[in-house]
Amino acid sequence: MVDDPAPTATPPADPLAGLLRLHPETAFDYFEFRRLMAGEVAALAATRATDLDRDRLAACVAALEAAHVHDDPDQEAAADTDFHLAICEAAHNQLIVLVMRPIFEMLRGGVFYDRCDLYRRRGVRDTFLEQHRAIWAAIQAGDPDRARTVSEAHITATEDALREAREADARLQVALRRRAGPGPVSYTHLRAHETIAL
């Protein structure tokens, strides 16, 4: 009789997350999806949030501010995810929570893009903090139209920041190769390597 295999210490990797990680362009599919969702979810939160929801959102904003003051991009990126998940839960639609929770977990794992790297760019961090405060203020005020507008603007700003960061990284890679001088690397290989490096 064969013994049952011992349980693994960690669950197997999510095959979807692994697939998405291999395709950096899915980051922009993510932003397209988030733009469709974020504004309406924030508007629902503005009209449905309970006192407990508002307390949790206030705590999330305080965590964002504390991480910002301590210049801790990794913690700020984590607090960012907590804040957006709290907004989904404040919308009081269980399907939204069920759909968005695994997406936010993939974000934590850097599946779509490296959020911590984005948060290490100081100007980006300052902009994001102000946008998060604006979203929170609109929800706290019970203003769904304002919550929708500022949430959609935040998603667009995040997408723009990522695009700019990738373009800057691509320029840096080209500059480093230029400094290293000519070599056996072909133009085709260089372009493929740049795409992977981004």
Side-chain angles (χ1 to χ4, degrees), residues 10-61 63-64 67 74-119 124 127-129 131-163 165-166:
T10 57
D14 183 343
L16 176 60
L19 178 64
L20 294 175
R21 200 186 305 273
L22 294 174
H23 297 279
E25 69 277 7
T26 59
F28 298 104
D29 292 337
Y30 161 77
F31 285 119
E32 188 173 86
F33 171 75
R34 282 284 282 139
R35 218 177 344 265
L36 294 171
M37 294 285 294
E40 294 309 315
V41 171
L44 287 174
T47 58
R48 296 178 177 178
T50 65
D51 288 342
L52 289 175
D53 294 323
R54 284 187 283 271
D55 288 346
R56 183 181 173 197
L57 285 166
C60 288
V61 173
L64 281 164
D74 293 352
Q75 188 58 43
E76 198 166 356
D80 180 326
T81 303
D82 292 340
F83 175 68
H84 288 289
L85 180 57
I87 292 173
C88 289
E89 292 177 349
H92 290 275
N93 180 307
Q94 288 304 306
L95 186 57
I96 288 172
V97 175
L98 288 172
V99 169
M100 294 307 300
R101 191 189 303 272
I103 288 174
F104 287 139
E105 289 307 314
M106 284 193 286
L107 273 179
R108 288 185 199 277
V111 169
F112 298 110
Y113 62 99
D114 186 344
R115 296 166 65 254
C116 294
D117 177 67
L118 208 56
Y119 260 102
V124 170
T127 299
F128 285 179
L129 181 60
Q131 289 172 341
H132 288 136
R133 285 170 170 160
I135 295 168
W136 160 230
I139 293 172
Q140 184 181 39
D143 186 340
D145 292 334
R146 178 67 178 159
R148 181 184 297 108
T149 298
V150 295
S151 293
E152 290 173 352
H154 172 58
I155 299 303
T156 298
T158 306
E159 180 180 10
D160 290 345
L162 177 63
R163 200 180 300 277
R166 289 187 172 182

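One is the number of the first residue; the rest follow in order along the sequence. Just so it is clear, the model here is predicted, and its values are computed rather than measured.
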From N93 atom CG to E40 atom CD, the distance as rounded to the nearest 0.5 Å: 12.0 Å

Heavy-atom side-chain proximity of Y30 to L162 below 4.5 angstrom: no

Sequence-distant partners of D160, salt bridge (Lys or Arg N to Asp or Glu O under 4.0 Å), two or more places apart: none

Heavy-atom pair of closest approach, residues Q131 and A157: NE2-CB, 3.2 Å

Residues that D55 engages under side chain to side chain donor-acceptor pair (under 3.5 Å), provided they are two or more places apart: none

D29: partners by salt bridge (Lys or Arg N to Asp or Glu O under 4.0 Å), with sequence neighbours left out: none

Counterpart residues, side chain to side chain contact (heavy atoms under 4.5 Å, CB included), relative to A147 (two or more places apart): A42, A46, A138, I139

Side chain to side chain contact (heavy atoms under 4.5 Å, CB included) involving E159 - partner list, sequence neighbours excluded: F28, F31, R35, R163

Pairwise distance SG(C88) to CG(L95) - rounded to 0.5 angstrom: 11.0 Å

Side chain to side chain contact (heavy atoms under 4.5 Å, CB included) partners of T81, counting only residues at least two apart: F104, R108, R115

From CE (M100) to CZ (F33), nearest 0.5 Å: 5.0 Å

Smallest separation among heavy atoms of D143 and R146, with atom names: OD1-N, 3.1 Å

Residue pair D80 / L64: nearest heavy atoms and the distance that separates them: N-CD2, 3.5 Å

Nearest heavy atoms of A27 and R166, plus distance in Å: CB-NH2, 3.8 Å

S151 side chain to R148 backbone, donor-acceptor under 3.5 Å: no

Distance (rounded to the nearest 0.5 Å) between I87 CD1 and I96 CD1: 12.0 Å

Residue list, side chain to side chain contact (heavy atoms under 4.5 Å, CB included) with A90, at least two apart or on another chain: A45, A49, D53, L57

Crowding at CD, E105 (>12 non-hydrogen neighbours, <6.0 Å): yes

H84 and V41, any side-chain heavy atoms less than 4.5 Å apart: no

Main-chain N/O of A91 paired to R48 side chain as donor or acceptor, under 3.5 Å: yes

side-chain contact (heavy atoms from CB on, under 4.5 Å) evaluation trace for T156 with E152: CA-CA 6 Å; T156 298; E152 290 173 352; 5.6 Å; no

Sequence-distant partners of R101, side chain to side chain donor-acceptor pair (under 3.5 Å), two or more places apart: E89

ring-ring contact (aromatic ring centres under 6.0 Å, His included) partners of F128, counting only residues at least two apart: Y119, H154

